[in-house]
J.: 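Before anything else, here's the structure in question.
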There are 2 protein chains.
Amino acid sequence: MNADARPQYVQIADELRRRIDAGTIGYGAPLPSEQEIRDEWNVARNTARQAVEVLREEGRVYTLKGRGSFVRPKLDARRVASSRYRADVESTPENPQTSVTHDYGIRFDRHNPDAVITTEPASPEVAELFNVAAGTGLVRRDLVFRLDGWPTHMSTSFYLADMVAGTPVAGPGSEPAQGGAVGHLKSLGVRVVRVVEAVESRMPTDREAEVLRMPSGPVLAITRQMFDDGGRVVEVAREIVYPGDGVRLEYEINL
Amino acid sequence: MNADARPQYVQIADELRRRIDAGTIGYGAPLPSEQEIRDEWNVARNTARQAVEVLREEGRVYTLKGRGSFVRPKLDARRVASSRYRADVESTPENPQTSVTHDYGIRFDRHNPDAVITTEPASPEVAELFNVAAGTGLVRRDLVFRLDGWPTHMSTSFYLADMVAGTPVAGPGSEPAQGGAVGHLKSLGVRVVRVVEAVESRMPTDREAEVLRMPSGPVLAITRQMFDDGGRVVEVAREIVYPGDGVRLEYEINL
DNA sequence: GAGTGGTCTAGACCACGAC
DNA sequence: TCGTGGTCTAGACCACTCA
């Protein structure tokens, strides 16, 4: 009855993947439920679940208990070049742009991060990245970036409270900002001349999985330090988190 | 009988993880078999399998059919800085080093990659990275890097056949090389002044999963181009593949 | 042949979300 | 209330590895 030697759950996953790629099941649309898969292929529930599990591990779908599994969009256009920060430097009121619009090749106004801005003392970990004493006052900015409603990435970044208190950087409504972090600092008279990024791949935390709707695949996490022309650390991001699939980080090294 | 609200398979996974961290189950040692887990915790086979699956997704164990599941070592010391290529440039016969020994902070002779060197025409993809016509003759080097027998990463890199034919680079026994790719090229009188790397996170191919003994977690894949002082591409690596866990890539950007 | 993991079935009870 | 996915049980047959 089944000439194909591959496991049934792989075959079912292949067919579902084909429907997603063909657009038969669009972005955000529900996958057939486990019961529907059982009916269509005449398999046990565990086999249907295994098929969906394959797609979940691939990051093609995300699953919500009590609701179903849904197709995640492919945001393959995502692209982060090491030249991205130049877009920040070159942003002007007449031609507003940020590193994020640069990455995705989109207009400024399609990019609408939610921002939560708080004040907190530096944890030992962040303090070390800042090269200041633990407990130093920091402004913390938690952002979620979305493109047409779909989360593309999220970040937590820190500024020195002494440097930004009372400025728009420390208040709401300052995001999306012209020129991103570099632009923020430029508006305060701080010139960023060097950025150091450390990239890690890991499984998402529960919150990241929920916010990015990435229940199973890996994420790319970037820890960033920005230095001014005096060699001082003026911004720390820990971390900037992207869904692992489809992201591409480009760096240039001069010897 | 079970006061803990967490699912049994999570609790079992936690206990197994604890034993791994405590050293009760050492690196390379087998996990309890599914049958042993069933006996110890009195659970059904699927529950035992789910527990092992958790550890497999975390990259803590790898599984071989018909044999068992085994503990993967944590190679957390892995660390790749953007300054790594300077180690290649500065390598001398008196003080041999490569970017890989630099990454791991180990002596030269503990690093023993297997090498397979072949000749092949450039695929359209590699040709584009090299900025040459498809079909151009290339020397291909497939390497697997190991540390005390454990695979750390693998790479496929290409050189222009015209440039390296008849040199040690094109022959066996040239790896581990002093100075890695940069050293190779230096020995031919080619000076590498610029390296461009693109980092992606993705699930491993079947071969990568087997070689790296990473059946389930993500990998970090780097596509690299090396440029000489005339702006010509003199080496392409596609791709350098690391197990996703524990790797850290550091880059510096000057604005 | 004994032990291992890979796949699969046919049930069960539960928590959650939408209506 | 009903449909969804999350967890769990108790079996089964298979392919693979090792002694």
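Within every chain, numbering begins at 1; the chains are lettered A, B, ... in the order of the sequence lines, protein sequences first and strands thereafter.
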J.: Categorize A:Val43 for me: base, sugar-phosphate, or nothing, with a 4.0 angstrom heavy-atom threshold over every strand shown.
T.: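 Sugar-phosphate contact only.
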J.: Given C:dC8, is OP1 or OP2 found less than 4.0 Å from the side-chain N or O atoms of A:Tyr9?
T.: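 Answer is no, no contact under 4.0 Å.
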J.: Reckon B:Ser33 has a side-chain N or O less than 4.0 Å from the OP1 or OP2 of C:dG3?
T.: no
J.: Look at A:Arg67 and C:dA18 and indicate whether a side-chain polar atom (N or O) is within less than 4.0 Å of OP1 or OP2.
T.: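 A:Arg67 to C:dA18 OP1/OP2: side-chain N or O found under 4.0 Å.
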J.: Rounded to whole Å, please give me the gap between CD in B:Gln50 and P in C:dG6.
T.: 14 Å
J.: Starting at the 5' end of DNA chain C and moving along, which residue's nearest nucleotide shows up first, A:Val10 or B:Glu36?
T.: B:Glu36
J.: Answer with yes or no whether B:Arg45 presents, from its side chain, a donor or acceptor under 3.5 Å of a partner atom in the base of C:dG6.
T.: yes
J.: Closest nucleotide of DNA chain C for A:Asn46 versus for A:Gly66: which of these residues is on the 5' side?
T.: A:Asn46
J.: May I ask you to decide if the ring planes of B:Tyr242 and B:His153 are parallel, tilted or perpendicular, using 30° and 60° as cut-offs?
T.: parallel
J.: B:Glu34 has an atom CD; how far is it from atom P of D:dA10, in whole Å?
T.: 16 Å
J.: Assess, by modelled atom type and distance only, whether the side chains of A:Gln35 and A:Asp39 contain a donor and an acceptor separated by less than 3.5 Å.
T.: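 Yes, A:Asp39 and A:Gln35 have a side-chain donor paired with an acceptor closer than 3.5 Å.
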J.: Over how many whole Å does the gap from A:Leu64 atom CG to D:dG6 atom C1' extend?
T.: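 Going from CG in A:Leu64 over to C1' in D:dG6 covers 13 Å.
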J.: For a quick check under 3.5 Å, do B:Arg141 and B:Ser157 share a side-chain donor-acceptor pair by atom type?
T.: no
J.: Under 4.0 Å from OP1 or OP2 of C:dG5: is there any side-chain N or O of B:Thr63 that close?
T.: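 Negative; the distance criterion is not met.
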J.: Using a cut-off of less than 4.0 Å, is there contact between a side-chain N or O of B:Gln8 and OP1 or OP2 of D:dC8?
T.: yes
J.: Expressed as a whole number of angstroms, how long is the span from B:Ile37:CD1 to D:dC8:C1'?
T.: 15 Å
J.: Output the rounded distance in Å from CZ (B:Arg56) to P (C:dG5).
T.: 9 Å
J.: Does B:Asp21 pair with B:Arg18 as a salt bridge, N-O distance under 4.0 Å?
T.: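 Looking at B:Asp21 and B:Arg18, the cut-off is not met.
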J.: By nearest atom, which of the nucleotides D:dT9, C:dG5, C:dA15 is closest to the A:Lys65 side chain?
T.: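 Of the options given, the side chain of A:Lys65 lies nearest C:dA15.
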J.: Whether B:Arg19 and B:Glu40 form a salt bridge (side-chain N of Lys/Arg under 4.0 Å from carboxylate O of Asp/Glu) is what I want to check.
T.: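 Judged by the 4.0 Å cut-off on N to carboxylate O distance, B:Glu40 and B:Arg19 do form a salt bridge.
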J.: Verify the contact: side-chain N or O of B:Thr47 to OP1 or OP2 of D:dT9, cut-off strictly under 4.0 Å; return yes or no.
T.: yes
J.: What is the separation between atom CZ on B:Arg38 and atom P on D:dA10, rounded to the nearest whole Å?
T.: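 Rounded to the whole Å, the gap is 8 Å.
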J.: Rounded to whole Å, how long is the line connecting atom CD of B:Glu53 with atom C1' of D:dG6?
T.: 15 Å
J.: Between P on D:dG6 and CZ on B:Arg6, what's the gap in Å once rounded to a whole number?
T.: 18 Å
